[in-house]
Asks: 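Below are the C-alpha cells for one structure; questions will follow.
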Amino acid sequence: MRADTPEETSTLMSQAISAGDLESAVGLFEPSASFVQLSHVAQGSEQIRRALEFLLSMKPALIGIPERVVAAGDVALVCGRWTMQGTGPDDNPLRLAGKFTDVVRRQADGRWLFVIDNPYGVD
C-alpha cells in the first residue's frame, strides 16, 4: 500500500484495518511514529504493531474520511472523521465514531507515512 497524497494515508489505513492486514497497516507508519491510544501513546513500530493487533482482534470495518488537509512542504496535517463497527472484547457488537487528527510526512520516495496518528482528534 502506497499513499501518494496525504489524505490517502487515511483511506489506506481504513482499507488495511478492514481487511485485517496488519503488515500493511504498520507499513503506513514511519519507524519512530506515534499512535495515540486511550491510555497511552504507542511509539515506534513494535508498540504500534501491538496496538494494531488489539484493534484487529475486534474484526473492525473502519471507514476514515479525510475532510481537511493542511500541507507545509513535506509535512501535512490531515483531519477528518471515522466510523467503525466490530466485535468488542465481550463478543458484543461494537459501533464507534470520532474525529481524527494526523500528521503525515512525505518520504524520499514520494509516499506519505504517518508521523502521528491520533484517532481522538483534539480530545
Asks: For L52 and F35, run side chain to side chain contact (heavy atoms under 4.5 Å, CB included): C-alpha distance rounded to whole Å, both residues' side-chain angles, the deciding distance at 0.1 Å, then the answer.
Replies: CA-CA 9 Å; L52 290 173; F35 180 37; 3.7 Å; yes
Asks: I'd like to know if E23 and R49 make a salt bridge, using a cut-off of under 4.0 Å between side-chain N and carboxylate O.
Replies: yes
Asks: Hey, does F100 have a side-chain heavy atom less than 4.5 Å from the side chain of C79?
Replies: no
Asks: State plainly whether one hydrophobic cluster holds both F29 and V115, where clusters connect Ile, Leu, Val, Met, Phe, Trp and Tyr through side-chain heavy atoms under 4.5 angstrom apart.
Replies: no
Asks: Side-chain heavy atoms nearer than 4.5 Å, only ILVMFWY residues, links allowed to pass through others: does that put V75 and V69 together?
Replies: no
Asks: Is there a side-chain contact between W82 and I63 (heavy atoms, below 4.5 Å)?
Replies: no
Asks: Can you tell me which residue among Q107, R111, R106 is in a side chain to side chain donor-acceptor pair (under 3.5 Å) with D109?
Replies: R111
Asks: Can you find a pair of side-chain heavy atoms, one from Q15 and one from M1, that are under 4.5 Å apart?
Replies: yes
Asks: Test M13 against F114 for side chain to side chain contact (heavy atoms under 4.5 Å, CB included), laying out the working first.
Replies: CA-CA 10 Å; M13 181 61 73; F114 288 98; 3.6 Å; yes
Asks: Provide the closest heavy-atom pair for W112 versus G73 in the form atom of the first, atom of the second, distance.
Replies: CH2-O, 4.0 Å
Asks: Are L56 and V26 connected in a single hydrophobic cluster, I mean Ile/Leu/Val/Met/Phe/Trp/Tyr linked by side-chain heavy atoms less than 4.5 Å apart?
Replies: yes
Asks: For the side chain of D102 and the backbone of N118, is there at least one donor-acceptor N/O pair under 3.5 Å apart?
Replies: yes
Asks: Can you tell me how far apart CD (Q85) and OG (S18) are? Round to the nearest 0.5 Å.
Replies: 10.0 Å
Asks: Measuring only between side-chain heavy atoms, which start at C-beta, is M84 closer than 4.5 Å to L55?
Replies: yes
Asks: Under 4.5 Å between any side-chain heavy atoms of L28 and L12, yes or no?
Replies: yes
Asks: Donor-acceptor pair, distance only, cut-off 3.5 Å: does the side chain of S14 make one with the backbone of G64?
Replies: yes
Asks: To the nearest 0.5 Å, tell me how far S10 OG sits from R81 CZ.
Replies: 12.0 Å
Asks: If you compare all heavy atoms of G110 against all heavy atoms of R2, which two are closest, and at what distance to 0.1 Å?
Replies: C-NH2, 3.7 Å
Asks: Using modelled atom types and a 3.5 Å cut-off, is there a donor and acceptor pairing between side-chain atoms of S34 and backbone atoms of Q43?
Replies: no
Asks: Would you say CG of L94 has more than 12 non-hydrogen atoms from neighbouring residues, nucleotides or ligands within 6.0 angstrom?
Replies: yes
Asks: Is it the case that the side chain of T9 and the backbone of P6 share a donor-acceptor pair, with hydrogens and angles ignored and the cut-off at 3.5 Å?
Replies: yes
Asks: Test of understanding: clusters of I, L, V, M, F, W, Y form through side-chain heavy atoms closer than 4.5 Å, transitively. Do L62 and V36 belong to the same one?
Replies: no
Asks: Report the C-alpha distance between Y120 and T101 in whole Å, list the side-chain angles of each, state the deciding distance to 0.1 Å, and finish with yes or no for side chain to side chain contact (heavy atoms under 4.5 Å, CB included).
Replies: CA-CA 7 Å; Y120 305 104; T101 304; over 6 Å; no
Asks: Report whether I17 and L96 are members of the same hydrophobic cluster (ILVMFWY, side-chain heavy atoms less than 4.5 Å apart, transitive linking).
Replies: yes
